[in-house]
**Student:** 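I am attaching a structure below and will ask some questions about it afterwards.
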Amino acid sequence: MSIHQILTNALNNAISALFQQDISPSMIQFQKTRKEFEGDVTLVVFPFVKISKMGPEQTGEAIGNYLKEHVDQVEAFNVVKGFLNLSISNDYWLNFFKEANSNVNFGFQPADSKPRVMVEYASPNTNKPLHLGHLRNIFLGYSVSEILKANGHSVTKVQIINDRGIHICKSMVAWQKFGNGETPESSGLKGDKLVGKYYVIFDKKYKEEQKELIANGATEEEAAQKAPIMMEAQEMLRQWEAKNPEVYKLWETMNAWVYKGFDATYQTMGVDFDKLYYESDTYLLGRDEVRNGLANGHFFQKEDGSIWVDLTDQGLDQKALLRKDGTAMYITQDIGTAILRFRDFPDTAYQIYTVGNEQEYHFKVLFKVLKKLGFEQGENCYHLSYGMVELPEGKMKSREGTVVDADDIMAEMKNVAQEVAEEQGKLEGLSADEKGDVYHHIGMSALKYFLLKVDPTKNMLFNPKESIDFAGNTGPFIQYTYVRTKAISRKFQENFGELKLADIDASILCKLELSLIQKIYDFPNVLNDAAREYNPSLIANYTYELVKEFNSFYHDYPILREENEGLRSFRVTLSSKVGRVVEQGMGLLGISMVERM
RNA sequence: GAUCUCGUAGCUCAGUUGGAUAGAGCAUCUGCCUUCUAAGCAGACGGUCAGGGGUUCGAAUCCCUUCGGGAUCACCA
């Protein structure tokens, strides 16, 4: 039983014995004792003063005395203002540590012990390469998936690929007109980059044509609609919907280039998916479902033929679901995709959508529509909404060329990792491949940690001029500490053989050792909070605190050089366990650890 | 205009269901490598928690209000 559970039970007895009253769980507030006071666990006594009809000090004394008398693990207490500080016995902490240490998956729930959850992330358009905003999205979605798994959920990782629509037709038109048959092979460009290039060319040409039309007397609106290249793109979209073989073939070819490019990027990122959904496969289903919904009276139709949902009774608006010409909108395909997924994985309790916070309204509508259509899971679906990555000048804008490309930033991180490592010169003896591997993982840890350590819901700032730090509260710092723990284990084995935790007297444990054990004790709660809030930053911050404390310990106390054999084995075990928890924590962020750096 | 969201050290960010003297990193300045990896450790400097009011034993946290950023309010995606 955890010490918090023990104390909670004892406290219930205490209040009933001392004041003849029952208490509600919300009155029990334990917190970690602040460093400046003596003790491990602190009880806030203010909630009890009404019951006790005494001052906070006396109430604290009374409860403290009771707990000390009735709970073996409580060795001493003191009361400061309204705070009851309890000192828990070293024996308790040592026993806890032994138990935690024997479980390599300490803190994790048994796999597949909770309902299936589907997590969607990435979900790119196929007309341009991935950028820094996608990285935040993808790392976030992947990390939340890992966190839910560690909490016992079955998880299906999916994406929706927006492979159809006017945007891809723009790239296709531009390629047809100006591409001269260029391919990824002939140009040496990554497929997604090549297609993105033609998207930019389209945009440039489109702007020129608009300008010309306006110069000839057209209004801005007319110019936007009537520009010849835009009309070509729209015609191509119609041809695509009519399954014109030539257009379809071009579409397939160019999308295939993009997918190959994306796959390379995902691989560098170290993320994957269990199943991919394509908008081109789901938009028609969405259209049918909307029409069914109309037939079943869930929606209504305007005179022009467009189909709408009325959500005014739920505090939202009326919202169009299908255009008057019967073509699908953004939400139409999302309805189709969601329904298809529930059919593919009938045990899915709910879906999590990792999508930027500018689409909060869209998802509110989507979830209510799903419920209207009879999918009760809609009620539990969750929009994992995250803030933008902003540059010092504001938003990233592809038009102004301020987009930070995903491949570029990852390559840069690796380069910086290499520079730092070569300066340090600690990787002698490794092959070039092994070194490259280390650079890659260190660089990625810096990037992932940078993007995941901040609260997902908040906008964050990225300054390309100052490259991401490798010192302080960063991925490499955590890697570094992990490497230290690995080196200790390795050297222990070389010098003393197999590690076996000796029986030691708990009274010899120092404050920092106890503090580290208590930090490990917190891990399951942190993981639980992170899962409940879909918030990887809690894991990042926890791991940072753990690592920081370990470094102090490492600096102040001998570990391998400790002469007392029992204590040495304890310290090496503690170090190794810290390493393991760090590895678990970083794993939850999608960061894989290196053994040397 | 309506709705939502954010505002904490020079910069980037933490800060549990309201709890003790608001914390980290970066930057600047000091110390510490012949000893387990110095990508480290220790210290200094740095705050009207945007402003004002309220709720209470207690407010960065909850409520009201003003100011300032951002987002959403399409038969765009």
Side-chain angles (χ1 to χ4, degrees), chain A residues 25-26 29 31-34 36-37 42 44-47 49-50 55-56 80-83 85 125 162 165-167 279 302 304-308 315-317 319-334 356-362 364 385 387-388 390 392 394-395 417 420-421 423-424 426 442 446 450 453-455 457-463 466 469-481 483-488 490-492 495 525-526 529 533 537-538 540-541 544-545 548 551-562 571-572 575 596-597:
Chain A
S26 65
Q29 295 173 46
Q31 52 188 267
K32 195 169 166 50
T33 304
R34 291 195 151 221
E36 54 269 36
F37 302 104
T42 294
V44 183
V45 303
F46 291 108
V49 296
K50 275 184 197 135
V80 181
K81 296 189 202 167
F83 299 89
N85 302 319
N125 290 351
N162 301 300
I166 192 72
H167 51 86
E279 191 185 328
K302 292 197 173 171
D304 62 8
S306 55
I307 299 177
W308 293 67
L316 299 179
D317 241 329
K319 175 96 185 160
L321 302 179
L322 201 61
R323 293 196 191 97
K324 62 184 171 200
D325 61 4
T327 57
M329 307 169 58
Y330 178 54
I331 193 160
T332 321
Q333 65 87 12
D334 255 352
N357 59 12
E358 71 275 9
Q359 294 197 30
E360 268 159 20
Y361 188 75
H362 169 81
K364 272 188 197 159
S385 164
M388 278 185 306
E390 289 173 336
K395 290 171 75 166
V420 178
E423 213 171 288
Q424 307 273 345
K426 292 176 190 163
I442 298 295
F450 177 83
K453 79 172 172 187
V454 310
D455 185 334
T457 61
K458 291 186 180 171
N459 288 356
M460 65 180 294
L461 190 101
F462 172 74
N463 189 344
E466 309 163 11
D469 276 328
F470 279 60
N473 186 358
T474 66
F477 170 70
I478 293 171
Q479 291 270 12
Y480 181 78
T481 310
V483 164
R484 277 180 158 176
T485 67
K486 291 313 261 189
I488 288 169
R490 208 165 45 230
K491 286 190 177 161
F492 181 89
N495 294 312
N525 283 328
V526 173
D529 290 348
E533 295 174 25
S537 77
L538 300 179
N541 288 323
Y544 173 66
E545 285 167 21
K548 197 150 168 52
N551 279 331
S552 295
F553 171 66
Y554 177 93
H555 184 265
D556 290 352
Y557 291 87
I559 299 175
L560 287 172
R561 285 180 286 122
E562 169 58 44
R571 286 184 179 164
V572 175
S575 149
R596 289 181 62 181
M597 67 186 279

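Reminder, nothing fancy here: chain letters follow the sequence lines and each chain counts from 1.
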**Student:** Could you tell me how far apart Asp317(A) (CG) and C73(B) (C1') are, to the nearest whole angstrom?
**Tutor:** 8 Å

**Student:** Using a heavy-atom cut-off of 4.0 Å across all strands, would you classify Thr327(A) as base, sugar-phosphate, or nothing?
**Tutor:** nothing

**Student:** Measuring to OP1 and OP2 of C36(B), would you say a side-chain N or O of Arg571(A) lies under 4.0 angstrom away?
**Tutor:**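 For Arg571(A), the contact criterion (side-chain N or O under 4.0 Å from OP1 or OP2 of C36(B)) is not met.
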
**Student:** Would you indicate what Phe37(A) reaches in the nucleic acid, counting non-hydrogen atoms under 4.0 angstrom: base, sugar-phosphate, or nothing?
**Tutor:** base

**Student:** Partner lookup for A14(B), please. Criteria are Watson-Crick or G-U wobble with both distances under 3.5 angstrom; report none if nothing qualifies.
**Tutor:**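 For A14(B), the partner nucleotide comes out as none, under the 3.5 Å rule.
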
**Student:** Taking CD from Gln333(A) and C1' from A77(B), how many angstroms apart are they, rounded to a whole number?
**Tutor:** 9 Å

**Student:** When you compare A2(B) with A22(B), how far apart are their C1' atoms, in angstrom units rounded to a whole number?
**Tutor:** 36 Å

**Student:** Counting only heavy atoms from other residues, nucleotides and ligands, does the tally under 6.0 Å from CD of Glu423(A) exceed 12?
**Tutor:**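 Counting other residues, nucleotides and ligands, CD of Glu423(A) stays at 12 neighbours or fewer.
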
**Student:** With C1' as the reference atom in both, quote the distance from U34(B) to C29(B) in angstrom, rounded to an integer.
**Tutor:**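 The same atom, C1', in both gives a distance of 28 Å.
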
**Student:** So what does Ser552(A) hit on the nucleic acid, given a heavy-atom distance under 4.0 Å: a base, only sugar-phosphate, or nothing?
**Tutor:** sugar-phosphate

**Student:** Is the phosphate of A71(B) approached by Asn357(A) (side-chain N or O, under 4.0 Å from OP1 or OP2)?
**Tutor:** no

**Student:** Can you tell me the pairing partner of G1(B) across any strand shown, Watson-Crick or G-U wobble, with both distances under 3.5 angstrom?
**Tutor:**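 Answer to the pairing question: C73(B), which forms a Watson-Crick or G-U pair with G1(B).
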
**Student:** Please give the nucleotide sitting opposite C41(B) as a Watson-Crick or G-U wobble pair, both distances under 3.5 Å, or none.
**Tutor:**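 The base-pairing partner of C41(B), which may sit in any strand shown, is G31(B).
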
**Student:** Touch check for Lys324(A), heavy atoms < 4.0 angstrom, all strands: base, sugar-phosphate only, or nothing?
**Tutor:**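 Base, at least one base heavy atom under 4.0 Å.
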
**Student:** Using every non-hydrogen atom in the two residues, find where Asn357(A) and Gly387(A) come nearest and quote the distance to one decimal.
**Tutor:** ND2-CA, 3.5 Å

**Student:** Can a side chain N or O of Lys486(A) be found less than 4.0 Å away from OP1 or OP2 on U37(B)?
**Tutor:** no

**Student:** Rounded to whole angstroms, how far apart are CD1 on Ile442(A) and C1' on A39(B)?
**Tutor:**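 Taking atom C1' of A39(B) as the reference, CD1 of Ile442(A) is at 9 Å.
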
**Student:** Give the minimum heavy-atom separation between Met597(A) and Pro476(A), together with the two atoms involved.
**Tutor:**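 So the minimum-distance heavy-atom pair works out to CE-O, 3.7 Å.
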
**Student:** Looking at every strand, decide which applies to Phe553(A) at a 4.0 Å heavy-atom threshold: base, sugar-phosphate, or nothing.
**Tutor:** nothing

**Student:** Work out how far the C1' atom of C41(B) is from that of G53(B), and round it to whole angstrom.
**Tutor:**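 Comparing C1' positions in C41(B) and G53(B) gives a spacing of 47 Å.
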
**Student:** Taking only the side-chain heavy atoms of Lys548(A) (C-beta and beyond), determine which of U37(B), A20(B), C41(B) contains the nearest atom.
**Tutor:** C41(B)

**Student:** OH of Tyr480(A) versus C1' of A39(B): gap in Å, rounded?
**Tutor:**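 Answer to the nearest Å: 6 Å.
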
**Student:** Within the pair Thr481(A) and A39(B), is there a side-chain N or O less than 4.0 Å away from OP1 or OP2?
**Tutor:** no

**Student:** To the nearest Å, how far apart are His555(A) NE2 and A42(B) C1'?
**Tutor:**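 Interatomic distance, NE2 of His555(A) to C1' of A42(B): 7 Å.
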
**Student:** In whole angstrom, what separates Arg596(A)'s CZ from C36(B)'s P?
**Tutor:** 15 Å

**Student:** Base, sugar-phosphate alone, or nothing: which one does Asn525(A) contact when heavy atoms must sit under 4.0 Å apart?
**Tutor:**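 No contact.
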
**Student:** Quote, to the nearest angstrom, the P distance that separates U21(B) from C64(B).
**Tutor:**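 Comparing P positions in U21(B) and C64(B) gives a spacing of 28 Å.
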
**Student:** With rounding to the closest Å, how many angstrom separate the P atoms on U66(B) and A59(B)?
**Tutor:** 24 Å

**Student:** How many Å lie between CD on Glu390(A) and C1' on G70(B), as a whole number?
**Tutor:** 7 Å

**Student:** With C1' as the reference atom in both, quote the distance from C4(B) to A38(B) in angstrom, rounded to an integer.
**Tutor:** 48 Å

**Student:** When the P atoms of G23(B) and C49(B) are compared, how many Å lie between them, rounded to an integer?
**Tutor:**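 My reading of the P atoms in C49(B) and G23(B) gives 14 Å.
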
**Student:** What is the separation between atom OH on Tyr554(A) and atom C1' on C32(B), rounded to the nearest whole Å?
**Tutor:**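 Going from OH in Tyr554(A) over to C1' in C32(B) covers 15 Å.
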
**Student:** Between C41(B), A71(B), A20(B), spot the one nearest the side chain of Met388(A), thanks.
**Tutor:** A71(B)

**Student:** Can you figure out which of G40(B), G25(B), A77(B) approaches the side chain of Gln359(A) most closely?
**Tutor:**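 Closest nucleotide to the Gln359(A) side chain: A77(B).
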
**Student:** Using atom P of each nucleotide, how far apart are A60(B) and G52(B) to the nearest Å?
**Tutor:** 13 Å

**Student:** Tell me, for nucleotides 2-19 of chain B in 5' to 3' order, what letter each nucleotide earns: B for a base near a protein heavy atom under 4.0 Å, S for only sugar-phosphate near one, - for neither?
**Tutor:** -----S----SSS----B

**Student:** Which heavy atom in Ile331(A) sits nearest to a heavy atom in Ala320(A), and how many Å separate them?
**Tutor:**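 Heavy-atom minimum between the residues: CG2-O, 3.7 Å.
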
**Student:** At less than 3.5 Å, do the side-chain atoms of Asn551(A) and the base atoms of A39(B) form a donor-acceptor pair?
**Tutor:**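 It does not, because no donor-acceptor pair links the side chain of Asn551(A) to the base of A39(B) below 3.5 Å.
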
**Student:** Should Phe553(A) and Ile559(A) count as side-chain neighbours, where that means a heavy-atom distance under 4.5 Å?
**Tutor:** yes

**Student:** Might you point out which heavy atoms bring Lys453(A) and Asn473(A) nearest each other, and give the distance in Å?
**Tutor:** NZ-O, 3.0 Å

**Student:** Counting only Watson-Crick pairs (N1-N3 plus N6-O4 or O6-N4) and G-U wobbles (N1-O2, O6-N3), all under 3.5 Å, who is the partner of A59(B)?
**Tutor:**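 The answer is none; no pair meets the criterion.
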
**Student:** Identify which nucleotide among G40(B), A39(B), A77(B) has an atom closest to any side-chain atom of Tyr330(A), counting heavy atoms from C-beta outward.
**Tutor:** A77(B)

**Student:** Kindly check if the number of other-residue, nucleotide or ligand heavy atoms within 6.0 Å of NZ (Lys302(A)) is above 12?
**Tutor:** yes

**Student:** Closer to the 5' end of RNA chain B via nearest nucleotide, is it Arg490(A) or Tyr361(A)?
**Tutor:**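 Whichever sits nearer the 5' end wins; that is Arg490(A).
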
**Student:** Which way is the base of C33(B) turned, syn or anti, if we draw the line at 90° from 0?
**Tutor:**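 What C33(B) shows is a syn base, its glycosidic angle lying within 90° of 0.
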
**Student:** Does any donor-acceptor pair link the side chain of Arg561(A) with the base of U35(B) at a separation under 3.5 Å?
**Tutor:** yes

**Student:** Check the pair Asn162(A) / His167(A) against side chain to side chain donor-acceptor pair (under 3.5 Å), numbers first and verdict last.
**Tutor:** CA-CA 9 Å; Asn162(A) 301 300; His167(A) 51 86; over 6 Å; no

**Student:** Roughly how far apart are Phe83(A) CZ and Arg34(A) CZ, rounded to 0.5 Å?
**Tutor:** 8.5 Å

**Student:** Name the residue closer to the 5' end of RNA chain B, choosing between Ala328(A) and Thr474(A) according to the nucleotide with the nearest heavy atom.
**Tutor:**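 Upstream on the strand: Thr474(A).
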
**Student:** Using the rule given for side chain to side chain donor-acceptor pair (under 3.5 Å), can you reason through Thr33(A) versus Thr42(A), listing the C-alpha separation, both sets of side-chain angles and the distance that settles it, and then say yes or no?
**Tutor:** CA-CA 5 Å; Thr33(A) 304; Thr42(A) 294; 2.7 Å; yes

**Student:** Which nucleotide, in any strand shown, forms a Watson-Crick or G-U wobble pair with G7(B), with both distances under 3.5 Å?
**Tutor:** C67(B)

**Student:** Looking at every non-hydrogen atom in both residues, tell me the closest pair between Met329(A) and Leu322(A) and how far apart they are.
**Tutor:**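 Looks like SD-N, 3.8 Å.
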
**Student:** Nearest to the side chain of Gln424(A) - C73(B), C41(B), A39(B)?
**Tutor:**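 When the side chain of Gln424(A) is considered, A39(B) is the closest of C73(B), C41(B), A39(B).
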
**Student:** Lys426(A) side chain N/O closer than 4.0 Å to the phosphate oxygens (OP1, OP2) of A38(B)?
**Tutor:**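 Negative; the distance criterion is not met.
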
